[in-house]
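Residue numbers begin at 1 in each chain, while the letters A, B, ... track the order of the sequences. Just so it is clear, the values below take in all heavy atoms, side chains as well, and ignore hydrogens, waters and symmetry mates. Quick caveat: nothing in here was measured; it's all calculated off a predicted structure.
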Amino acid sequence: MKVSALISAVAVALLPAVVQAANEVPAPYPYPEPAWSPYLVGGLIGALVLFTLSLASKKVGASSAYSDGAGLIGRVVAPRHIASLPYYRESKPMIGWTLVFVIGAIVGSCVAAWTGGELNGAYLQDLWVARFGADSFVLRTVFALSGGALMAFGARMAGGCTSGHGISGTLQLAVSSWISVICFFVGGIAVALMLYRL
Amino acid sequence: MNTASTLHSLESQTGKSQPAGPEQDDSTRTDPRQWGWLETSPGKLAAGLLFGVVFGFLLQKGGVAKFDILLGVLLLENFVVVKIMLTAIIVGMIGTYFLRKTGRIELKINETKLGGNLIGGLIFGAGFALLAYCPGTNAAAVGQGNLDAITGVAGLLLGSYLFALSSKFGGSSVSEWGNYGKLTLHEVLGVRQGVFIAIAIPLLIAILVGLEYAGF
(Lines give C-alpha, C1' and ligand atoms only; values in the text may rest on other atoms or scores of the structure.)
Protein backbone atom coordinates (compact mmCIF):
# COMPACT_ATOMS: atom_id res chain seq x y z
CA MET A 1 0.00 0.00 0.00
CA LYS A 2 2.87 2.37 0.83
CA VAL A 3 4.36 1.62 -2.55
CA SER A 4 1.16 2.34 -4.42
CA ALA A 5 0.67 5.54 -2.45
CA LEU A 6 4.18 6.58 -3.44
CA ILE A 7 3.60 5.86 -7.14
CA SER A 8 0.26 7.67 -7.07
CA ALA A 9 1.85 10.65 -5.36
CA VAL A 10 4.58 10.83 -8.01
CA ALA A 11 2.02 10.55 -10.81
CA VAL A 12 -0.20 13.26 -9.32
CA ALA A 13 2.78 15.53 -8.72
CA LEU A 14 3.74 15.15 -12.38
CA LEU A 15 0.32 16.20 -13.63
CA PRO A 16 0.51 20.02 -13.33
CA ALA A 17 3.98 20.12 -14.88
CA VAL A 18 2.78 17.97 -17.73
CA VAL A 19 -0.38 19.94 -18.38
CA GLN A 20 1.53 23.22 -18.54
CA ALA A 21 3.91 21.89 -21.15
CA ALA A 22 1.13 20.50 -23.35
CA ASN A 23 -0.51 21.67 -26.57
CA GLU A 24 -4.23 21.80 -27.07
CA VAL A 25 -5.67 18.70 -28.74
CA PRO A 26 -8.03 19.48 -31.64
CA ALA A 27 -11.69 18.92 -30.78
CA PRO A 28 -13.35 17.02 -32.32
CA TYR A 29 -10.31 14.80 -32.69
CA PRO A 30 -10.15 12.67 -35.90
CA TYR A 31 -10.24 9.16 -34.40
CA PRO A 32 -9.29 6.24 -36.68
CA GLU A 33 -11.94 3.73 -37.77
CA PRO A 34 -11.51 0.10 -36.69
CA ALA A 35 -11.08 -2.46 -39.48
CA TRP A 36 -14.08 -4.53 -38.34
CA SER A 37 -17.41 -3.53 -36.84
CA PRO A 38 -17.12 -3.28 -33.04
CA TYR A 39 -20.38 -5.25 -32.73
CA LEU A 40 -18.95 -8.15 -34.75
CA VAL A 41 -15.71 -8.09 -32.73
CA GLY A 42 -17.61 -7.83 -29.43
CA GLY A 43 -19.91 -10.70 -30.35
CA LEU A 44 -16.96 -12.90 -31.28
CA ILE A 45 -15.11 -12.02 -28.05
CA GLY A 46 -18.25 -12.95 -26.09
CA ALA A 47 -18.33 -16.28 -27.95
CA LEU A 48 -14.61 -16.76 -27.25
CA VAL A 49 -15.20 -16.39 -23.50
CA LEU A 50 -18.01 -18.98 -23.72
CA PHE A 51 -15.63 -21.37 -25.52
CA THR A 52 -12.82 -20.98 -22.96
CA LEU A 53 -15.28 -21.35 -20.06
CA SER A 54 -16.91 -24.48 -21.47
CA LEU A 55 -13.98 -26.20 -23.19
CA ALA A 56 -11.13 -25.35 -20.83
CA SER A 57 -13.06 -24.10 -17.77
CA LYS A 58 -10.79 -21.04 -17.80
CA LYS A 59 -11.76 -17.43 -18.14
CA VAL A 60 -10.28 -14.83 -20.41
CA GLY A 61 -7.90 -12.59 -18.48
CA ALA A 62 -4.66 -10.72 -18.96
CA SER A 63 -3.26 -8.98 -15.88
CA SER A 64 -2.13 -12.11 -14.01
CA ALA A 65 0.11 -12.92 -17.00
CA TYR A 66 2.28 -10.00 -15.95
CA SER A 67 2.45 -11.04 -12.29
CA ASP A 68 3.37 -14.59 -13.34
CA GLY A 69 5.85 -13.13 -15.82
CA ALA A 70 7.47 -10.95 -13.17
CA GLY A 71 7.56 -13.90 -10.76
CA LEU A 72 9.10 -16.20 -13.38
CA ILE A 73 11.83 -13.67 -14.12
CA GLY A 74 12.34 -13.45 -10.36
CA ARG A 75 12.55 -17.22 -10.02
CA VAL A 76 15.45 -17.24 -12.48
CA VAL A 77 17.23 -14.14 -11.17
CA ALA A 78 16.56 -14.27 -7.40
CA PRO A 79 14.62 -17.43 -6.47
CA ARG A 80 15.11 -17.04 -2.71
CA HIS A 81 13.76 -13.51 -2.73
CA ILE A 82 10.69 -14.53 -4.75
CA ALA A 83 10.06 -17.42 -2.35
CA SER A 84 10.17 -14.98 0.56
CA LEU A 85 7.18 -13.02 -0.76
CA PRO A 86 3.82 -14.19 0.63
CA TYR A 87 2.00 -13.31 -2.61
CA TYR A 88 4.18 -15.60 -4.71
CA ARG A 89 3.95 -18.36 -2.10
CA GLU A 90 0.18 -18.32 -2.45
CA SER A 91 0.09 -18.03 -6.23
CA LYS A 92 3.32 -19.61 -7.41
CA PRO A 93 4.67 -18.03 -10.57
CA MET A 94 4.40 -20.67 -13.29
CA ILE A 95 3.79 -20.83 -17.00
CA GLY A 96 0.00 -20.87 -16.86
CA TRP A 97 -3.12 -20.41 -18.98
CA THR A 98 -3.24 -16.60 -18.82
CA LEU A 99 0.47 -16.15 -19.57
CA VAL A 100 0.31 -18.22 -22.79
CA PHE A 101 -3.02 -16.57 -23.63
CA VAL A 102 -1.42 -13.11 -23.52
CA ILE A 103 1.58 -14.29 -25.54
CA GLY A 104 -0.92 -15.65 -28.07
CA ALA A 105 -2.67 -12.27 -28.13
CA ILE A 106 0.59 -10.57 -29.19
CA VAL A 107 0.93 -13.05 -32.07
CA GLY A 108 -2.73 -12.77 -33.09
CA SER A 109 -2.66 -8.99 -33.11
CA CYS A 110 0.52 -9.05 -35.18
CA VAL A 111 -1.20 -11.29 -37.77
CA ALA A 112 -4.27 -9.03 -37.80
CA ALA A 113 -2.21 -5.85 -38.22
CA TRP A 114 -0.08 -7.48 -40.92
CA THR A 115 -3.05 -8.73 -42.95
CA GLY A 116 -4.77 -5.36 -42.58
CA GLY A 117 -1.70 -3.27 -43.43
CA GLU A 118 -1.78 -1.64 -39.97
CA LEU A 119 1.66 -2.57 -38.62
CA ASN A 120 2.80 0.50 -36.73
CA GLY A 121 6.39 0.80 -35.48
CA ALA A 122 5.99 4.20 -33.80
CA TYR A 123 6.92 4.93 -30.18
CA LEU A 124 4.84 8.11 -29.96
CA GLN A 125 1.24 7.72 -31.19
CA ASP A 126 -0.83 10.40 -32.99
CA LEU A 127 -2.97 11.68 -30.11
CA TRP A 128 0.09 11.73 -27.83
CA VAL A 129 2.09 13.78 -30.37
CA ALA A 130 -0.85 16.20 -30.79
CA ARG A 131 -0.78 16.79 -27.04
CA PHE A 132 2.83 16.46 -25.95
CA GLY A 133 4.79 17.07 -29.16
CA ALA A 134 7.12 14.92 -31.23
CA ASP A 135 10.11 15.31 -28.88
CA SER A 136 8.44 13.79 -25.81
CA PHE A 137 10.20 10.42 -25.76
CA VAL A 138 11.28 10.68 -22.10
CA LEU A 139 7.86 11.86 -20.91
CA ARG A 140 6.13 9.01 -22.77
CA THR A 141 8.53 6.52 -21.20
CA VAL A 142 7.82 7.88 -17.71
CA PHE A 143 4.07 7.75 -18.37
CA ALA A 144 4.11 4.24 -19.84
CA LEU A 145 6.27 2.87 -17.03
CA SER A 146 4.35 4.47 -14.17
CA GLY A 147 1.00 3.82 -15.87
CA GLY A 148 1.81 0.16 -16.40
CA ALA A 149 3.02 -0.17 -12.81
CA LEU A 150 -0.07 1.51 -11.32
CA MET A 151 -2.35 -0.57 -13.51
CA ALA A 152 -0.74 -3.89 -12.57
CA PHE A 153 -0.80 -2.93 -8.88
CA GLY A 154 -4.44 -1.91 -9.10
CA ALA A 155 -5.38 -5.04 -11.02
CA ARG A 156 -3.87 -7.26 -8.34
CA MET A 157 -5.75 -5.35 -5.63
CA ALA A 158 -9.01 -5.54 -7.58
CA GLY A 159 -8.47 -9.16 -8.64
CA GLY A 160 -8.46 -8.58 -12.38
CA CYS A 161 -8.32 -6.13 -15.28
CA THR A 162 -10.45 -4.99 -18.21
CA SER A 163 -10.41 -8.56 -19.56
CA GLY A 164 -10.86 -10.67 -16.42
CA HIS A 165 -13.28 -8.29 -14.69
CA GLY A 166 -14.39 -6.11 -17.59
CA ILE A 167 -15.50 -8.94 -19.88
CA SER A 168 -15.30 -12.39 -18.25
CA GLY A 169 -16.58 -11.31 -14.83
CA THR A 170 -19.24 -8.82 -15.90
CA LEU A 171 -20.91 -11.29 -18.28
CA GLN A 172 -21.09 -13.81 -15.41
CA LEU A 173 -22.82 -11.05 -13.41
CA ALA A 174 -20.11 -10.91 -10.73
CA VAL A 175 -20.61 -8.02 -8.31
CA SER A 176 -16.82 -7.68 -7.84
CA SER A 177 -16.38 -7.23 -11.59
CA TRP A 178 -19.10 -4.61 -12.04
CA ILE A 179 -17.74 -2.55 -9.12
CA SER A 180 -14.18 -2.89 -10.43
CA VAL A 181 -14.93 -2.02 -14.04
CA ILE A 182 -16.92 1.07 -13.01
CA CYS A 183 -13.95 2.17 -10.90
CA PHE A 184 -11.54 1.48 -13.81
CA PHE A 185 -13.49 3.93 -15.95
CA VAL A 186 -14.10 6.52 -13.20
CA GLY A 187 -10.37 6.64 -12.40
CA GLY A 188 -9.39 6.49 -16.05
CA ILE A 189 -11.77 9.20 -17.24
CA ALA A 190 -10.75 11.56 -14.40
CA VAL A 191 -7.02 11.25 -15.08
CA ALA A 192 -7.36 11.20 -18.90
CA LEU A 193 -9.43 14.40 -18.91
CA MET A 194 -6.81 16.09 -16.72
CA LEU A 195 -3.99 14.94 -18.99
CA TYR A 196 -5.51 15.66 -22.38
CA ARG A 197 -8.29 18.21 -22.00
CA LEU A 198 -7.19 20.55 -19.22
CA MET B 1 7.56 -33.25 -19.75
CA ASN B 2 5.29 -33.95 -16.84
CA THR B 3 7.57 -32.63 -14.17
CA ALA B 4 4.96 -30.16 -13.05
CA SER B 5 2.21 -32.71 -12.50
CA THR B 6 4.70 -35.13 -10.87
CA LEU B 7 5.74 -32.43 -8.49
CA HIS B 8 2.14 -31.63 -7.77
CA SER B 9 1.30 -35.22 -6.93
CA LEU B 10 4.47 -35.50 -4.84
CA GLU B 11 3.45 -32.43 -2.93
CA SER B 12 -0.01 -33.71 -2.29
CA GLN B 13 1.34 -37.12 -1.33
CA THR B 14 3.78 -35.79 1.21
CA GLY B 15 1.10 -33.47 2.39
CA LYS B 16 -1.39 -36.26 2.95
CA SER B 17 0.56 -39.36 3.96
CA GLN B 18 2.95 -37.64 6.35
CA PRO B 19 1.21 -35.45 8.82
CA ALA B 20 4.79 -34.63 9.86
CA GLY B 21 5.94 -31.22 10.95
CA PRO B 22 5.02 -27.86 9.61
CA GLU B 23 8.71 -27.55 8.63
CA GLN B 24 8.31 -30.10 5.89
CA ASP B 25 5.14 -28.51 4.62
CA ASP B 26 6.86 -25.17 4.82
CA SER B 27 9.87 -26.30 2.81
CA THR B 28 7.75 -27.17 -0.24
CA ARG B 29 6.07 -23.79 0.14
CA THR B 30 9.22 -21.76 0.57
CA ASP B 31 11.77 -23.70 -1.49
CA PRO B 32 11.36 -22.46 -5.07
CA ARG B 33 13.39 -25.44 -6.38
CA GLN B 34 10.42 -27.62 -5.53
CA TRP B 35 7.96 -25.45 -7.43
CA GLY B 36 6.83 -26.68 -10.83
CA TRP B 37 7.22 -24.63 -13.98
CA LEU B 38 4.03 -25.57 -15.79
CA GLU B 39 0.76 -24.68 -14.08
CA THR B 40 -1.33 -27.01 -16.21
CA SER B 41 -0.95 -29.69 -18.91
CA PRO B 42 0.92 -28.82 -22.13
CA GLY B 43 -2.26 -29.57 -24.09
CA LYS B 44 -4.24 -27.01 -22.14
CA LEU B 45 -1.44 -24.47 -22.52
CA ALA B 46 -1.47 -25.02 -26.29
CA ALA B 47 -5.23 -24.40 -26.25
CA GLY B 48 -4.66 -21.24 -24.21
CA LEU B 49 -2.11 -20.02 -26.74
CA LEU B 50 -4.54 -20.65 -29.59
CA PHE B 51 -7.42 -18.87 -27.84
CA GLY B 52 -5.02 -16.01 -27.14
CA VAL B 53 -4.14 -15.72 -30.82
CA VAL B 54 -7.86 -15.39 -31.65
CA PHE B 55 -8.32 -12.81 -28.86
CA GLY B 56 -5.39 -10.68 -30.05
CA PHE B 57 -6.58 -10.93 -33.65
CA LEU B 58 -10.04 -9.71 -32.67
CA LEU B 59 -8.71 -6.87 -30.48
CA GLN B 60 -6.58 -5.57 -33.36
CA LYS B 61 -9.38 -5.84 -35.95
CA GLY B 62 -11.70 -4.07 -33.50
CA GLY B 63 -9.26 -1.15 -33.35
CA VAL B 64 -8.66 -1.46 -29.60
CA ALA B 65 -4.93 -2.02 -30.00
CA LYS B 66 -4.79 1.64 -31.04
CA PHE B 67 -3.67 4.31 -28.58
CA ASP B 68 -6.13 6.93 -29.92
CA ILE B 69 -9.21 4.70 -29.71
CA LEU B 70 -8.41 3.55 -26.16
CA LEU B 71 -7.81 7.10 -24.91
CA GLY B 72 -10.89 8.19 -26.83
CA VAL B 73 -13.16 6.26 -24.52
CA LEU B 74 -11.54 7.79 -21.42
CA LEU B 75 -12.03 11.25 -22.97
CA LEU B 76 -15.68 10.30 -23.64
CA GLU B 77 -15.24 11.04 -27.34
CA ASN B 78 -14.96 7.59 -28.96
CA PHE B 79 -17.02 4.60 -27.87
CA VAL B 80 -15.60 1.68 -29.86
CA VAL B 81 -14.36 0.16 -26.58
CA VAL B 82 -17.81 0.42 -25.00
CA LYS B 83 -19.47 -1.09 -28.08
CA ILE B 84 -17.12 -4.07 -28.06
CA MET B 85 -17.39 -4.63 -24.29
CA LEU B 86 -21.17 -4.35 -24.12
CA THR B 87 -21.71 -6.62 -27.15
CA ALA B 88 -19.36 -9.21 -25.62
CA ILE B 89 -21.23 -8.93 -22.31
CA ILE B 90 -24.64 -9.36 -23.99
CA VAL B 91 -23.54 -12.45 -25.94
CA GLY B 92 -21.73 -13.85 -22.92
CA MET B 93 -24.64 -13.22 -20.53
CA ILE B 94 -27.05 -15.17 -22.73
CA GLY B 95 -24.50 -17.89 -23.40
CA THR B 96 -23.46 -18.45 -19.78
CA TYR B 97 -27.12 -18.56 -18.75
CA PHE B 98 -27.94 -21.44 -21.08
CA LEU B 99 -24.60 -23.23 -20.68
CA ARG B 100 -24.98 -23.16 -16.89
CA LYS B 101 -28.54 -24.43 -17.16
CA THR B 102 -27.34 -27.44 -19.11
CA GLY B 103 -24.44 -27.85 -16.68
CA ARG B 104 -21.74 -27.30 -19.27
CA ILE B 105 -19.94 -24.51 -17.42
CA GLU B 106 -19.28 -23.52 -13.86
CA LEU B 107 -19.25 -20.02 -12.48
CA LYS B 108 -15.71 -18.61 -12.51
CA ILE B 109 -15.89 -15.36 -10.59
CA ASN B 110 -13.88 -13.53 -7.95
CA GLU B 111 -14.93 -12.70 -4.43
CA THR B 112 -16.38 -9.26 -3.86
CA LYS B 113 -13.80 -7.34 -1.83
CA LEU B 114 -14.94 -3.74 -1.54
CA GLY B 115 -11.50 -2.42 -0.53
CA GLY B 116 -9.68 -4.10 -3.38
CA ASN B 117 -12.38 -3.58 -5.99
CA LEU B 118 -12.87 0.12 -5.23
CA ILE B 119 -9.33 1.32 -4.42
CA GLY B 120 -7.60 -1.13 -6.76
CA GLY B 121 -10.09 -0.21 -9.48
CA LEU B 122 -9.38 3.52 -9.17
CA ILE B 123 -5.59 2.96 -9.13
CA PHE B 124 -5.99 0.77 -12.21
CA GLY B 125 -7.97 3.52 -13.95
CA ALA B 126 -5.30 6.14 -13.23
CA GLY B 127 -2.66 3.82 -14.67
CA PHE B 128 -4.86 3.07 -17.69
CA ALA B 129 -5.08 6.80 -18.50
CA LEU B 130 -1.29 7.19 -18.21
CA LEU B 131 -0.38 4.16 -20.34
CA ALA B 132 -3.50 4.27 -22.59
CA TYR B 133 -3.41 0.49 -23.04
CA CYS B 134 -4.96 -1.95 -20.56
CA PRO B 135 -3.19 -5.27 -19.85
CA GLY B 136 -4.93 -7.19 -22.66
CA THR B 137 -4.89 -4.43 -25.26
CA ASN B 138 -1.27 -3.66 -24.32
CA ALA B 139 -0.37 -7.13 -25.61
CA ALA B 140 -2.34 -6.41 -28.79
CA ALA B 141 -0.57 -3.05 -29.11
CA VAL B 142 2.82 -4.79 -28.83
CA GLY B 143 1.76 -7.19 -31.60
CA GLN B 144 0.63 -4.30 -33.76
CA GLY B 145 4.04 -2.68 -33.38
CA ASN B 146 3.25 0.19 -30.98
CA LEU B 147 6.72 0.44 -29.44
CA ASP B 148 5.56 2.39 -26.37
CA ALA B 149 3.54 -0.69 -25.38
CA ILE B 150 6.85 -2.53 -24.82
CA THR B 151 7.65 0.06 -22.14
CA GLY B 152 4.13 -0.67 -20.91
CA VAL B 153 5.07 -4.34 -20.47
CA ALA B 154 8.06 -3.28 -18.36
CA GLY B 155 5.76 -1.11 -16.23
CA LEU B 156 3.21 -3.91 -15.82
CA LEU B 157 5.94 -6.35 -14.74
CA LEU B 158 7.32 -3.76 -12.31
CA GLY B 159 3.91 -3.04 -10.78
CA SER B 160 3.16 -6.74 -10.39
CA TYR B 161 6.46 -7.21 -8.59
CA LEU B 162 5.80 -4.21 -6.34
CA PHE B 163 2.44 -5.70 -5.39
CA ALA B 164 4.08 -9.02 -4.51
CA LEU B 165 6.70 -7.10 -2.53
CA SER B 166 4.01 -5.16 -0.67
CA SER B 167 2.42 -8.47 0.38
CA LYS B 168 5.47 -8.94 2.61
CA PHE B 169 4.54 -5.82 4.54
CA GLY B 170 0.85 -6.58 4.96
CA GLY B 171 -0.04 -4.62 1.85
CA SER B 172 -2.94 -6.86 0.94
CA SER B 173 -4.95 -6.02 4.08
CA VAL B 174 -6.65 -3.09 2.33
CA SER B 175 -7.70 -5.33 -0.54
CA GLU B 176 -9.31 -7.76 1.89
CA TRP B 177 -11.55 -5.15 3.50
CA GLY B 178 -15.29 -5.71 2.93
CA ASN B 179 -15.08 -9.29 1.69
CA TYR B 180 -18.57 -10.53 0.85
CA GLY B 181 -17.52 -13.74 -0.92
CA LYS B 182 -18.56 -14.72 -4.42
CA LEU B 183 -21.59 -12.57 -5.14
CA THR B 184 -23.63 -12.17 -8.31
CA LEU B 185 -25.85 -9.22 -9.19
CA HIS B 186 -29.06 -11.21 -9.37
CA GLU B 187 -28.37 -12.80 -5.96
CA VAL B 188 -27.93 -9.37 -4.42
CA LEU B 189 -31.16 -8.15 -6.01
CA GLY B 190 -32.94 -11.37 -5.04
CA VAL B 191 -34.20 -12.24 -8.52
CA ARG B 192 -33.63 -15.27 -10.72
CA GLN B 193 -30.77 -15.09 -13.22
CA GLY B 194 -33.17 -15.43 -16.17
CA VAL B 195 -35.27 -12.51 -14.95
CA PHE B 196 -32.18 -10.40 -14.39
CA ILE B 197 -30.74 -10.86 -17.88
CA ALA B 198 -34.19 -10.41 -19.46
CA ILE B 199 -34.15 -6.90 -17.97
CA ALA B 200 -30.41 -6.18 -18.30
CA ILE B 201 -30.04 -7.07 -21.98
CA PRO B 202 -32.66 -4.61 -23.33
CA LEU B 203 -31.03 -1.93 -21.12
CA LEU B 204 -27.56 -2.65 -22.54
CA ILE B 205 -28.94 -2.69 -26.09
CA ALA B 206 -30.65 0.65 -25.38
CA ILE B 207 -27.26 2.12 -24.38
CA LEU B 208 -25.74 0.92 -27.67
CA VAL B 209 -28.65 2.24 -29.74
CA GLY B 210 -28.44 5.53 -27.84
CA LEU B 211 -24.71 5.83 -28.65
CA GLU B 212 -25.36 5.28 -32.37
CA TYR B 213 -28.28 7.69 -32.27
CA ALA B 214 -26.10 10.35 -30.62
CA GLY B 215 -23.69 10.01 -33.53
CA PHE B 216 -20.86 8.09 -31.82
Evaluation steps, side-chain contact (heavy atoms from CB on, under 4.5 Å), between Leu124(A) and Asp148(B): CA-CA 7 Å; Leu124(A) 302 178; Asp148(B) 52 339; over 6 Å; no

Asn117(B) versus Ser180(A), side-chain donor and acceptor atoms under 3.5 Å: yes

Partners meeting salt bridge (charged side-chain N to carboxylate O under 4.0 Å, His left out) with Glu111(B) (sequence neighbours left out): Lys113(B)

When you measure from the side chain of Ser167(B) to the backbone of Tyr87(A), do you find a donor-acceptor pair of N or O atoms at a distance under 3.5 Å? yes

Measure from the side-chain N and O atoms of Lys44(B) to the backbone N and O of Ala56(A), and report whether any donor-acceptor pair falls under 3.5 Å. yes

Measure from the ring center of Phe51(B) to the ring center of Phe101(A) and say whether it is less than 6.0 Å. no

Side-chain H-bond candidate by donor/acceptor type, Glu77(B) with Tyr196(A), under 3.5 Å: no

Does NZ or CZ of Arg75(A) fall inside the cone over Trp37(B)'s six-membered ring, less than 6.0 Å from its centre and within 45° of the axis? yes

Atom group of Trp128(A) that falls short of 4.5 Å from chain B, counting heavy atoms: both

Are any side-chain N or O atoms of Arg140(A) and backbone N or O atoms of Leu131(B), one a donor and one an acceptor, separated by less than 3.5 Å? yes

Rounded to the nearest 0.5 Å, how far apart are CH2 of Trp35(B) and CE of Met94(A)? 8.5 Å

Has the side chain of Tyr66(A) got a donor or acceptor atom that lies under 3.5 Å from a matching backbone atom of Pro135(B)? yes

Decide whether Thr151(B) and Tyr123(A) meet the rule of one side-chain donor and one side-chain acceptor closer than 3.5 Å. yes

Is the closest side-chain donor-acceptor distance between Asp68(B) and Gln125(A) under 3.5 Å? no

Relative to chain B, which segment of Ser54(A) carries a heavy atom at a distance below 4.5 Å: side chain, backbone, both, or neither? both

Is it true that the side chains of Gln60(B) and Glu118(A) contain a donor and an acceptor less than 3.5 Å apart? yes

Examine whether an atom of Val25(A) lies under 4.5 Å from a heavy atom of chain B, and if so say whether it belongs to the side chain, the backbone or both; otherwise answer neither. neither

Which value, rounded to the nearest 0.5 Å, describes the distance between Asp126(A) atom CG and Leu71(B) atom CG? 12.0 Å

Lys/Arg N to Asp/Glu carboxylate O, Glu33(A) vs Lys66(B), below 4.0 Å: no

Ser84(A) and Lys168(B): side-chain donor and acceptor closer than 3.5 Å? yes

Just verifying a value: how many Å separate Met157(A) CE and Ser166(B) OG, rounded to the nearest 0.5 Å? 8.5 Å

Rounded distance [0.5 Å steps], OH in Tyr88(A) versus OG in Ser160(B): 6.0 Å

State whether the side chain of Asn110(B) and the backbone N or O of Gly159(A) hold a donor-acceptor pair below 3.5 Å, judged by distance alone. yes

Filter on ring-ring contact (aromatic ring centres under 6.0 Å, His included), then keep only pairs touching residues 76-113 of chain B, sequence neighbours left out; what's left? Phe79(B)-Phe216(B)

Roughly how far, to the nearest 0.5 Å, is the CE atom of Met93(B) from the OG1 atom of Thr170(A)? 7.0 Å

I need the minimum non-hydrogen distance between Ser109(A) and Gly143(B), along with the two atoms involved. OG-C, 3.9 Å

Return the orientation label for the Phe128(B) and Phe185(A) ring planes: parallel under 30°, perpendicular over 60°, tilted otherwise. perpendicular

Okay, Ile150(B) and chain A: the region with an atom under 4.5 Å from a heavy atom over there is neither

What orientation do His81(A) and Tyr161(B) show, parallel under 30°, tilted 30 to 60°, or perpendicular over 60°? tilted

With a 3.5 Å distance limit and no angle check, can you tell me whether Thr87(B) reaches the backbone of Gly42(A) through a side-chain donor-acceptor pair? no

Walk me through it: do Lys108(B) and Lys58(A) pass the test side-chain contact (heavy atoms from CB on, under 4.5 Å)? CA-CA 8 Å; Lys108(B) 289 258 172 216; Lys58(A) 292 278 185 186; over 6 Å; no

Any chance you could measure Ser67(A), atom OG, to Leu162(B), atom CG, to the nearest 0.5 Å? 12.5 Å

